[in-house]
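Below: the structure, in structure tokens.
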There are 2 protein chains.
Amino acid sequence: MAPHDDGIEVAEETMVAEAEKRPIVTIVIVIAMQTEALPLVNKFKLSENHDPVFPKGVPWVRYHGIYKDLNINIIWPGKDSVLGVDCVGTVPASLVTYASIQALQPDLIINAGTAGGFKAKGACIGDVFVACDVAFHDRRIPIPVFDLYGICARRTFSTPNMLKELKLKVGKLSTGDSLDMSPHDEASITANDATLKDMEGAAVAYVADLLSVPAIFIKAVTDIVDDDKPTAEEFLQNLVAVTAALDQAVTQVVDFISGKCISEL
Amino acid sequence: MAPHDDGIEVAEETMVAEAEKRPIVTIVIVIAMQTEALPLVNKFKLSENHDPVFPKGVPWVRYHGIYKDLNINIIWPGKDSVLGVDCVGTVPASLVTYASIQALQPDLIINAGTAGGFKAKGACIGDVFVACDVAFHDRRIPIPVFDLYGICARRTFSTPNMLKELKLKVGKLSTGDSLDMSPHDEASITANDATLKDMEGAAVAYVADLLSVPAIFIKAVTDIVDDDKPTAEEFLQNLVAVTAALDQAVTQVVDFISGKCISEL
């Protein structure tokens, strides 16, 4: 890792500042489940794209189209080739985020999906939140500094104008690869001060930050984690109905973004 | 996901069979920690490569050189740009495996590193194992079929001749993003019948399988998980010494591979 040359660094900062003043053209929306993705694919009149933007053999699906002045790409990690279920979780989410940024050079990433919510933090079934912070809750590495790396807490890209105009709820998001919540997970989620629990957000944030692409996280609550109902049952019962609320919020966000530049969000 | 055309499928199978009969030329060795990587970098006389095979901004490091008749690339995910610690765990491991396969088109992946071992399954400090199976132990999704997807158990690429000649120990490997082991992790590791516990293997296996590249997993035991000593302390105490054993085993494997084709391993 060579040290930065100051001249190059200043030039890079200028380029970033200029990019933030250009209208947003290309958006990548990362969605983990087909049930969550399809209503938005229909809403934006996107079609499945068979261009080889992804390598041969991967199940990743790109839905693409023009909506208003935006080049919209919904990226779904597809179904596991052996088991036939959606490729949920941090590994496929990080891979498709990386590959989509490399192939499509988006101005903005949106990670949209369902999540568990904590009623103690004010979440109700069907609520849609924008995540102000993301962190992991299942990467415990009890060695100094590695512990912080594991949690990987970070503020998300700031969108004060969008939040004000759309009146979306705001909360912290904690990510892990399990749908259930073990006592160790619960302790970490509490330490992360999270209102929401999902299986992809912090991984998408990690990759977007790595490649310097601003990212927004829109999460709709399918199940209340801190009640007595089993998560899996509640999640499956509410998935379709809550997806409609998610669909509406993502459309509002995309409509708000249309015609704006990054620095106006 | 369009159905396969039978003619294309047969042609693909023929190509794979032919590739397995060509001598192995390019190897990618994925190693999560610098302390594990550097002895091998020196052993194979590799040098840090500043060619832009990876995108700008990522901390990933490629050490490259020719050793015997092999084009060897050690890929280390580098240090976290904010915290300065090695980028361990499944997300960086899956990203560098993906990016390395895309950039370098290797004939073979080797994931080498340290691991925890279970004395109840015959592991001792300093033992080096080849993993015959990999699975995840921290992706609990209690919905039918999704549960299997989370565990993602798979046999690794079979190397009967290598195992016979090098007399390496063989065991099952279970992967998770925590260095410690919660009771939920322990139950899953037991269900996975694992001798070894690491933080990258199953993620590297997932990506290698996705892109149809054979992968070998070589893991050296730095700490005994099922004893009374704290994992982090034991891991740090043994890291350097055990890395020497890992170094020797990887060299033996690479020497064995030299001049052979995939189907001869």
Side-chain angles (χ1 to χ4, degrees), chain A residues 1-2 12 48 50 55-59 61 78-95 98-99 101-102 136 138-143 145-146 148-150 152 154 176-180 182-185 199 202-203 206-207 209-212 230-232 235-236, chain B residues 1-2 12 50 55-59 61 78-95 98-99 101-102 136 138-146 148-150 152 154 176-180 182-185 199 202-203 206-207 209-212 230-232 235-236:
Chain A
M1 288 181 292
E12 278 172 12
E48 191 171 335
H50 296 284
K56 218 175 112 181
V58 303
V61 179
K79 298 223 184 252
D80 184 87
S81 63
V82 175
L83 297 167
V85 295
D86 295 281
C87 297
V88 298
T90 63
V91 165
S94 60
L95 290 171
Y98 176 82
I101 293 174
Q102 290 302 103
F136 289 95
D138 62 352
R139 311 195 327 171
R140 301 175 310 275
I141 314 176
I143 297 174
V145 192
F146 273 105
L148 298 176
Y149 164 80
C152 201
R154 55 189 74 207
D177 274 306
S178 293
L179 184 67
D180 69 7
S182 72
H184 279 69
D185 289 349
M199 296 172 67
Y206 177 78
V207 178
D209 269 11
L210 208 60
L211 298 173
S212 303
T231 290
F235 166 73
L236 291 172
Chain B
M1 288 181 292
E12 277 171 12
H50 297 284
K56 217 175 114 183
V58 303
V61 179
K79 298 224 184 250
D80 184 87
S81 62
V82 175
L83 297 167
V85 295
D86 295 282
C87 296
V88 298
T90 63
V91 166
S94 59
L95 290 171
Y98 176 83
I101 293 174
Q102 290 303 104
F136 289 95
D138 63 351
R139 312 194 328 171
R140 301 175 310 276
I141 313 177
I143 297 175
V145 192
F146 273 105
L148 298 176
Y149 164 80
C152 203
R154 55 188 74 208
D177 274 306
S178 292
L179 184 66
D180 69 9
S182 70
H184 278 70
D185 290 348
M199 296 171 69
Y206 177 78
V207 179
D209 269 10
L210 208 59
L211 300 172
S212 303
T231 290
F235 167 73
L236 291 172

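Chain naming here is simple, since letters A, B, ... match the order of the sequence lines and numbering starts at 1 in each.
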Winner by heavy-atom pair count (cut-off under 4.5 Å) against chain B, out of A:Ala203, A:Gly57, A:Cys87: A:Cys87

Side chain / backbone / both / neither for A:Ile143 at chain B, heavy atoms under 4.5 Å: side chain

Residue among A:Leu236, A:Ile141, A:Asp177 with most heavy-atom pairs under 4.5 Å to chain B: A:Asp177

B:Cys152, part contacting chain A, at a heavy-atom distance under 4.5 Å: neither

Side chains of A:Pro59 and B:Leu210 in contact at under 4.5 Å (non-hydrogen atoms): yes

Option that, when pairs with chain B are counted at under 4.5 Å, heavy atom only, ranks first among A:Pro183, A:Pro55, A:Gly150: A:Pro55

Portion of A:Ile101 that has a non-hydrogen atom of chain B nearer than 4.5 angstrom: neither

Most contacts with chain A, counted as non-hydrogen pairs under 4.5 angstrom, among B:Leu83, B:Asp180, B:Leu148, B:Asp138: B:Asp180

Top contributor to chain A interface from B:Tyr206, B:Phe136, B:Tyr98 [non-hydrogen pairs under 4.5 Å]: B:Tyr98

Part of B:Asp80 lying under 4.5 Å from any heavy atom of chain A: side chain

Face-on cation placement of A:Arg139 at A:Tyr149 ring, 6.0 Å and 45° thresholds: yes

Side-chain heavy atoms of A:Asp86 within contact of A:Lys79, under 4.5 Å: yes

salt_bridge(A:Arg140, B:Asp185) N-O dist < 4.0 Å: yes

Chain B contact via A:Ser94 - side chain, backbone, both or neither, heavy atoms under 4.5 Å: both

Engaged part of A:Val88 at the chain B interface, taking heavy atoms whose separation is under 4.5 Å: both

B:Leu179 CG to B:Phe235 CZ distance, which is reported to the nearest 0.5 Å: 6.5 Å

Region of B:Leu211 in contact with chain A, defined by heavy-atom distances below 4.5 Å: side chain

Contact origin within B:Thr90 toward chain A - heavy atom pairs under 4.5 Å: both

